[in-house]
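Everything below concerns the one structure shown next.
Remember, predicted model here, so these are calculated numbers, not experimental data. Protein chains get the first letters and strands the later ones, always in sequence-line order, with residue 1 at the start of each.
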There are 2 protein chains.
Amino acid sequence: MTDQRLEDVLGRLRDEGVRVTLPRRAIVSALLGGGHGHVTAENVTAEVQGEHPEVHASTVYRTLDTLERLGVVYHVHLAHGAAVYHLAEDAHLHLVCASCGVVIEVPEDVFHTLADGLHQGFRFTPEVRHFALSGHCDRCLPR
Amino acid sequence: MTDQRLEDVLGRLRDEGVRVTLPRRAIVSALLGGGHGHVTAENVTAEVQGEHPEVHASTVYRTLDTLERLGVVYHVHLAHGAAVYHLAEDAHLHLVCASCGVVIEVPEDVFHTLADGLHQGFRFTPEVRHFALSGHCDRCLPR
DNA sequence: ATAATTGCAAAGTCTTTGCAGTTTG
DNA sequence: CAAACTGCAAAGACTTTGCAATTAT
């Protein structure tokens with residue numbers, strides 16, 4: 001019943017000299033448990049506070065930063081609102097419809113051609129993970 | 001000496017039933033005058049207030065919205081900070097280095113292949129103008 | 001005249017920060 | 001025990017909004 005993935009992550013924290021505290025344990029649990037990606041810091045806070053109401057939002061932000069530094073999670077800006085967090089192992093790219101907000105997840109390799117072109121033409125290496133690509137899904141296509 | 005482009009824009013406002021006021025005149029002037037793109041609402045406000053200190057930032061935001069609705073300007077989110085505004089006629093895409101912040105402007109057609117691929121594969125039409133593409137320029141490339 | 005627009009102040013959203021007290025290793 | 005971490009409250013950056021007074025048409 002002890003979640004192995006939880007222990008793995010906590011082990012990684014300890015290996016890095018990062019202390020394992022009750023808030024961190026709860027936050028990592030929430031991330032692993034919620035599972036299905038796209039959680040905001042606020043979502044995580046709410047979930048954690050269900051069990052541990054004393055854990056403050058600022059701690060959640062700080063912990064998410066720490067986890068990102070360690071490569072456990074990363075965050076994406078989907079649109080104008082709050083950033084969403086993912087487990088790093090679930091890495092993928094995001095297409096967001098500017099009208100209806102639907103999020104389409106796509107594998108990274110879809111961008112290879114573009115990345116090659118940008119690198120050759122402009123000496124620029126895109127990092128398409130960190131910001132979603134805005135646009136329109138077919139049903140919201142203007143006109 | 002009367003700026004023809006200014007009068008053109010103001011004419012467009014009137015045609016749309018939008019009133020031409022002193023703040024709007026000053027804001028459009030600032031956009032046309034500053035010229036070289038990438039201005040934030042705050043930049044515009046500062047410039048306008050040089051001549052007309054009574055014009056309030058909220059008016060600038062409202063006017064920029066109006067101008068965007070009319071297709072005179074559009075705004076882009078370069079990174080985490082404030083949005084930047086462009087004259088619509090200067091439309092182009094933006095690559096932003098996450099390390100040094102340099103902004104590289106590229107023609108839209110660089111994205112055609114990607115756009116076709118996304119449309120065929122995911123029924124999604126990217127609108128690459130509204131958010132910059134984050135990444136790293138060669139001199140900031142990690143590792 | 002009258003509907004649009006403005007200035008102002010206040011609020012709103014998301015996130016960060018300073019600090020004193022608490023906890024981990 | 002020392003260094004790391006936390007809760008709290010406050011601030012910070014950017015933008016939006018409600019409203020009464022003003023202004024363009």
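In this model, a donor atom of one side chain and an acceptor atom of the other lie less than 3.5 Å apart for A:Asp138 and B:His119. Side-chain contact of A:Asp8 with A:Gln4: a donor-acceptor pair under 3.5 Å is present, judged by distance alone.
With DNA chain C read from its 5' end, the first of the two nearest nucleotides for B:Val20 and B:Pro53 is the one closest to B:Val20. Where B:Arg14 and B:Gly81 each meet DNA chain D at their nearest nucleotide, the meeting point lying more 5' is that of B:Gly81. Nucleotides of DNA chain D nearest to B:Arg19 and B:Ser58 differ in position, and the one nearer the 5' end is that of B:Ser58. Taking the nucleotide of DNA chain C with the nearest heavy atom to each of A:Glu42 and A:Arg62, the more 5' of the two is matched to A:Glu42.
For the pair A:Glu16 CD and C:dG25 C1', the computed distance is 16 Å after rounding to whole Å. Computed from coordinates, the B:Leu64 CG to D:dT17 C1' distance equals 17 Å when rounded to whole Å. Between the CG atom of A:Leu22 and the C1' atom of D:dG7 there is a distance of 13 Å, rounded to whole Å. B:His75 places its NE2 atom 12 Å from the C1' atom of D:dC14, with the value rounded to the nearest Å. Here the C1' atom of nucleotide D:dC5 and the CZ atom of A:Arg25 are 15 Å apart, to the nearest Å. Atom-to-atom, NE2 of A:His77 to P of C:dT13 comes out at 19 Å; the value is rounded to the nearest Å. Here the P atom of nucleotide D:dC14 and the NE2 atom of B:His56 are 16 Å apart, to the nearest Å. Distance, B:Glu54 CD to D:dA21 C1': 15 Å, rounded to whole Å.
For C:dT6, neither phosphate oxygen OP1 nor OP2 lies less than 4.0 angstrom from any side-chain nitrogen or oxygen of B:Thr59. Within the structure, a side-chain polar atom (N or O) of B:Tyr61 is placed less than 4.0 Å from OP1 or OP2 of D:dT15.
Between A:Arg129 and A:Glu108 there is a salt bridge, since at least one side-chain N of the basic residue sits less than 4.0 Å from a carboxylate O of the acidic one.
Among the heavy atoms of the strands, none lies under 4.0 Å from B:Thr40. Across all strands, B:Ala83 comes closer than 4.0 Å only to sugar-phosphate atoms, never to a base (heavy-atom distances).
Applying side-chain contact (heavy atoms from CB on, under 4.5 Å) to A:His86 and the options A:Val39, A:Val73, A:Val76 leaves one that passes, A:Val76.
In this structure, the nucleotide among D:dT6, D:dC8, C:dC8 sitting nearest to the side chain of A:Arg24 is D:dT6. Here the side chain of A:Asp65 is nearest to one of D:dT6, C:dG7, C:dT16, namely C:dT16. Side chain of A:Val55, nearest nucleotide from D:dG7, C:dT5, C:dT24: D:dG7.
Between the side chain of B:Arg5 and the backbone N or O of B:Leu32 there is at least one donor-acceptor pair closer than 3.5 Å.
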